[in-house]
Amino acid sequence: MSMQGKTLVISGATRGIGKAILYRFAQNGVNVAFTYNKNEEEAAKIAADIETNHRVRAKHYRLDILEPEQYIELFKQVDADFERVDCFVSNAIIYGRSVVGGFAPFMRLKPKGLNNIYTATVLAFVVGAQEAAKRMKLVGGGAIVSLSSTGNLVYMPNYAGHGNSKNAVETMVKYAAVDLGEFGIRVNAVSGGPIDTDALKAFPDYTEIKAKVEEQSPLKRMGNPTDLAGAVYFLCDPEQSAWLTGQTIVVDGGTTFK
Ligand SMILES: NC(=O)c1ccc[n+]([C@@H]2O[C@H](COP(=O)([O-])OP(=O)(O)OC[C@H]3O[C@@H](n4cnc5c(N)ncnc54)[C@H](OP(=O)(O)O)[C@@H]3O)[C@@H](O)[C@H]2O)c1
């Protein structure tokens, strides 16, 4: 009940983990403002489905996290469409050409690819969270969550660029948590083990990763997008996590320790 009538802003909710988070909030009566990059048609379909089946407001906006300052304009549009902002989830991730030189073995890493990943992961989090926090202050608080990944705890082939930026965003989360706490704004991260999404299917060694996770996890299966959605929702719901801030919750099916 504590979430009903609130508003979530989330990046990259056309598929995968973002989409699962979006539906988790909508099912609990939260209005949703979400972004897409290329898949406008899919975003429109999702917004219509949510408004029809979950009786909350749902609006989609275009965003490129390689241009983090786009968040400033985006939040102005959110202001026009929604009364308040209570939760912000920085979820979108880049792939394809923009990660060339960033998603590679160490000796093939290039500054441009690494910088792109840093921009999309850390700088997008910073600008999005700043804009969200300005609105949260007006309603007496809120919750911010960044997605992270266990690729900063265990080795994953080609993952140095992402792993480093996930480390950096987890550190940024802690600084944001300290500076925003006095306004009732909590800031945390959810770090996922390998989750079956398009992003992971794009890895050249996807089949081996899947087999290894199924073998390694005490739960004997790969993670699903909904496995992370619950943790994100928990971190945003003050009834469940009011004194939890500056943390990273690892949701990895037990794979990191084994
Ligand atoms: N999959 C995993 O194993 C795993 C594990 C742990 C953590 N995570 C983290 O969870 C988050 C979501 O990952 P996922 O696997 O769900 O990804 P995904 O299924 O590939 O979805 C990526 C999302 O990001 C959007 N996007 C792509 N390029 C963008 C850009 N330049 N600007 C703005 N948005 C853009 C996409 O929008 P369009 O569809 O419109 O292009 C899509 O909504 C990421 O932060 C990732 O690091 C993933």
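Keep in mind it's a predicted model, so treat the numbers as computed, not measured. Just so you know, ligand 1 is whichever comes first in the structure, and atom 1 is the first atom listed for that ligand.
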So that I can tick it off, tell me whether [Y] and [X] are bridged by a salt bridge, with the cut-off set at under 4.0 angstrom between side-chain N and carboxylate O.
| X | Y | result |
| --- | --- | --- |
| Lys212 | Glu215 | no |
| Arg135 | Glu83 | no |
| Glu42 | Lys19 | yes |
| Glu214 | Lys210 | yes |

Sub-4.0 Å heavy-atom approach of [X] to ligand 1:
| X | answer |
| --- | --- |
| Lys166 | yes |
| Ala13 | yes |
| Gly193 | yes |
| Ser148 | yes |

Regarding ligand 1, does [X] bring an N or O atom to under 3.5 Å of one of the ligand's N or O atoms?
| X | result |
| --- | --- |
| Leu66 | no |
| Tyr36 | no |
| Gly12 | yes |

Identity of the nearest option to [atom], non-hydrogen atoms only, from [options]:
| atom | options | answer |
| --- | --- | --- |
| atom 12 (C) of ligand 1 | Asp252, Val190, Asn91 | Asn91 |
| atom 34 (N) of ligand 1 | Ala92, Ala43, Ala20, Gly96 | Ala92 |
| atom 36 (C) of ligand 1 | His60, Met222, Arg15 | Arg15 |

Practice prompt. Provide, to 0.1 Å, the distance between atom 22 (C) of ligand 1 and the closest protein heavy atom, together with that atom's residue and name.
Written response: Ile93 CG2, 3.9 Å
Practice prompt. Would you name the heavy atoms of Asp227 and Val251 that are closest together and state the gap between them?
Written response: O-CG1, 3.6 Å
